[in-house]
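Every value quoted in this text rests on a predicted model; they were computed, and no experiment measured them. Letters go in sequence order (proteins before strands), and every chain restarts at 1.
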Amino acid sequence: MIGLICLLGTLGLYAVSKRIYAKRPKVYLSPLLITPVIIILILTWAQIPYESYNKGGKWLSSLLQPATVAFAVPLYKNFKVLKKHATEIIAGVLTGSCVAMISSAFLAKCLHLDTSLVISLVPRSVTTPIAMNVSQDIGGVPNITAAFVIMTGLLGSMIGPMVLRMFKIDNDIARGILYGTSSHGAGTSKAFENSALSGTISSISMIVAALFTLGAAPVMMHMLAH
Amino acid sequence: MKNIVKGTVQVAALMIFTLLMNKLAELLHLPVPGSILGIIVLFILLETGIIRLEWIDLGASWLLAELLLFFVPAAVGVMKYIPMLKSDGVRILIVVIFSTFIVMASSGLLAAWIAKQKERRASQ
């Protein structure tokens, strides 16, 4: 029962925050920030543990995987555009993904964070299901990684427009690569606000980044450890 | 109304397809998760015409349009780590912001540079 209420409440809050965001597209009004913050406040106030909430919430989480698979559709529809820009995408994504893993681990180490946190930070720039997978593989804590992934998505969509202005990146392709590589799904929805082309390139960049990180993270961890 | 039924059926089909891909990845002991295998297999099926785009187009665009919603429960899960975030939150924030910034700058600038080179070559 409580699960059902939590599920319906989440859907309702999400629908309302999405409406508000459509009227006022400010980062701090992003549905991915507002909805969980309000839910956490309510759960804390009503003293409902996360496990009870997740009895309803897990139904939504279970749609994350089919939604990831659904990326095959824009991939298929835009394959021509993607082939045309394959060099930029592969070069940008591979460089960005390496920078993401190395800089996360390096900065975290410099700031004397706990080893489990350092490892959990490594895959934070790719989409949640894959990041959690990678985290498990390399000895991190998948749940903590999920939190870092979401943080990355939110912060990425906040600082993205600033980075674009700062470095005068006005090319739609480059913008898509920047968002998809750095901040996965949340970045991709930001890229779609920019243009349909940026959004598409961002989705493919996100997929390539996920695939690459999945393969490269264990190797990278091995190298960093020595 | 017809579209609601159609979209729902398509979403269900994508869910079943994902379950099958998870099983397949497990059976073959593949190092990739089912969702990534699913992207690749579905793409190949579309490209070869075995699955027609209109069979899944509506359901797929629904799922993609509400992608953020599916992240919400995982985001709420952060509440389990509030004590940890209280002690290390600032340092974690610094790592995420700085690292994201240089990831954006490196991937964006490199891609913009290559795109420019390509344009230049094309116009010559």
Side-chain angles (χ1 to χ4, degrees), chain A residues 10 14 31-32 35-36 39-40 50 53-54 57 60-61 63-73 75-76 87-88 91-92 95-96 99-100 103-104 107-108 111 113 121 125 128-129 133 143-144 146-147 150-152 155-156 159 163 167 169 171 173-174 177-178 181-182 185 207 211 214, chain B residues 11 14-15 17-18 21-22 31-36 38-39 42-43 46-47 53 56-57 59-61 63-64 67-81 84 88 91-112 114-116 118:
Chain A
T10 306
Y14 173 78
L32 187 52
T35 317
I39 294 171
I40 289 175
Y50 177 68
Y53 167 81
N54 207 30
L60 291 176
S61 306
L63 283 168
L64 205 52
Q65 278 205 330
T68 310
V69 173
F71 273 106
V73 171
L75 191 63
Y76 167 74
T87 328
E88 294 96 308
T95 308
V99 171
S103 65
S104 300
L107 285 167
L111 292 172
L113 283 167
L121 274 161
S125 65
T128 315
N133 234 294
N143 252 315
I144 297 185
I150 289 161
M151 254 172 98
T152 302
L155 290 164
I159 64 173
V163 176
F167 296 104
I169 299 171
N171 179 296
I173 312 292
I177 294 169
L178 178 149
T181 309
S182 64
I207 298 166
L211 281 170
L214 197 61
Chain B
V11 169
L14 281 165
M15 289 173 80
F17 179 79
T18 308
M21 288 301 121
N22 279 337
V32 293
S35 48
I36 289 285
I39 295 177
L42 185 56
F43 176 78
L46 284 166
E47 193 67 26
L53 181 60
I56 50 163
D57 199 12
S61 46
L63 286 172
L64 289 177
L67 197 59
L68 293 182
L69 172 65
F70 312 138
F71 280 111
V72 168
V76 175
V78 175
M79 69 186 277
K80 283 200 290 185
Y81 303 100
M84 178 204 86
D88 296 328
R91 283 183 290 167
I92 292 168
L93 210 60
I94 293 172
V95 173
V96 175
I97 292 176
F98 269 91
S99 173
T100 302
F101 179 83
I102 53 177
V103 172
M104 285 181 160
S106 60
S107 61
L109 285 173
L110 180 64
I114 296 174
K116 212 180 209 172
K118 268 190 169 175

field: Gap between atom CG of A:Leu121 and atom CG of A:Leu111 - 0.5 Å precision
entry: 10.0 Å
Part of B:Leu53 within contact of chain A (heavy atom distance under 4.5 Å): side chain
- prompt: For A:Ile173, is it the side chain, the backbone, both, or neither that has a heavy atom closer than 4.5 Å to a heavy atom of chain B?
  reply: neither
message: Looking at chain A, which one of B:Asp88, B:Ile92, B:Asn22 has the largest number of heavy-atom pairs inside 4.5 Å, strictly under?
response: B:Ile92
task: Tell me, out of A:Ile207, A:Ile144, A:Ile177, who's got the most heavy-atom pairs with chain B below 4.5 Å.
output: A:Ile144
message: Between A:Ser104 and chain B, with a heavy-atom cut-off of 4.5 Å, which part of the residue counts as in contact: side chain, backbone, both or neither?
response: both
field: Side chain, backbone, both or neither of B:Lys118 within contact of chain A (heavy atoms, under 4.5 Å)
entry: side chain
query: Hey, mind stepping through B:Thr100 and A:Thr152 against side-chain hydrogen bond (donor to acceptor under 3.5 Å, both in side chains) and telling me if it holds?
result: CA-CA 7 Å; B:Thr100 302; A:Thr152 302; 4.8 Å; no
message: Angle between ring planes, B:Phe101 versus A:Phe167, binned at 30° and 60°: parallel, tilted or perpendicular?
response: tilted
field: Worked check of side chain to side chain contact (heavy atoms under 4.5 Å, CB included) between A:Leu211 and B:Ile36
entry: CA-CA 7 Å; A:Leu211 281 170; B:Ile36 289 285; 2.8 Å; yes
- prompt: A:Ile39 versus chain B, heavy atoms under 4.5 Å apart: side chain, backbone, both or neither?
  reply: side chain
query: Side chain, backbone, both or neither: which part of A:Leu75 has a heavy atom under 4.5 Å from chain B?
result: both
- prompt: Quick check: are there more than 12 heavy atoms from other residues, nucleotides or ligands sitting under 6.0 Å from OH of B:Tyr81?
  reply: yes
Pairs of heavy atoms under 4.5 Å with chain A: top-ranked of B:Ala112, B:Gly77, B:Gly59: B:Gly77
field: Best-contacting candidate, B:Ser61, B:Pro73, B:Ala111, against chain A by heavy atom pairs under 4.5 angstrom
entry: B:Pro73
- prompt: Using a cut-off of under 4.5 Å for heavy-atom pairs, which of A:Ile150, A:Asn171, A:Leu64 has the most such pairs with chain B?
  reply: A:Leu64
query: Roughly how far, to the nearest 0.5 Å, is the OG1 atom of A:Thr68 from the CZ atom of B:Phe70?
result: 10.0 Å
- line: Bottom line for A:Asn54: the part with an atom under 4.5 Å from chain B's heavy atoms is side chain
- prompt: Can you tell me how far the OG atom of B:Ser99 sits from the CG atom of A:Leu155, to the nearest 0.5 Å?
  reply: 11.0 Å
- request: Step by step, work out the side chain to side chain contact (heavy atoms under 4.5 Å, CB included) result for B:Ile56 and B:Leu46.
  value: CA-CA 10 Å; B:Ile56 50 163; B:Leu46 284 166; 4.2 Å; yes
statement: One option among B:Val11, B:Leu14, B:Val96, B:Leu42 has the most heavy-atom pairs under 4.5 Å with chain A, and it is B:Val96
query: Checking heavy atoms, do the side chain of A:Leu63, its backbone, both or neither come under 4.5 Å from chain B?
result: both
- request: Identify which of A:Gly156, A:Gly96, A:Ala70 forms the greatest number of heavy-atom pairs closer than 4.5 Å to chain B.
  value: A:Ala70
Closest contact, heavy atoms only, A:Thr181 versus A:Gly92: CG2-O, 4.3 Å
message: Is A:Leu214 close to chain B through its backbone or its side chain, or both, or neither, when contacts mean heavy atoms under 4.5 Å?
response: side chain
statement: Most heavy-atom pairs under 4.5 Å with chain B, out of A:Val163, A:Thr95, A:Thr10, belong to A:Val163
- line: Shortest non-hydrogen pair, B:Ala60 vs A:Val73, comes out as CB-CG2, 3.6 Å
- request: Could you have a look at A:Ala72, A:Ala174, A:Ala108 and say which one has the most heavy-atom pairs with chain B under 4.5 angstrom?
  value: A:Ala72
- prompt: Once you round to the nearest 0.5 Å, how far does CG of A:Leu178 lie from CG of B:Leu110?
  reply: 11.5 Å
query: A:Tyr14 versus chain B, heavy atoms under 4.5 Å apart: side chain, backbone, both or neither?
result: side chain
query: Top residue by heavy-atom pair count (under 4.5 Å) with chain A, among B:Ser35, B:Ser106, B:Gly38?
result: B:Ser35
- request: Please round to the nearest 0.5 Å and tell me the distance separating atom CE of B:Met21 and atom CD1 of B:Ile39.
  value: 12.0 Å
query: What part of B:Leu64 is in contact with chain A, defined as an atom under 4.5 angstrom from a non-hydrogen atom: side chain, backbone, both or neither?
result: side chain
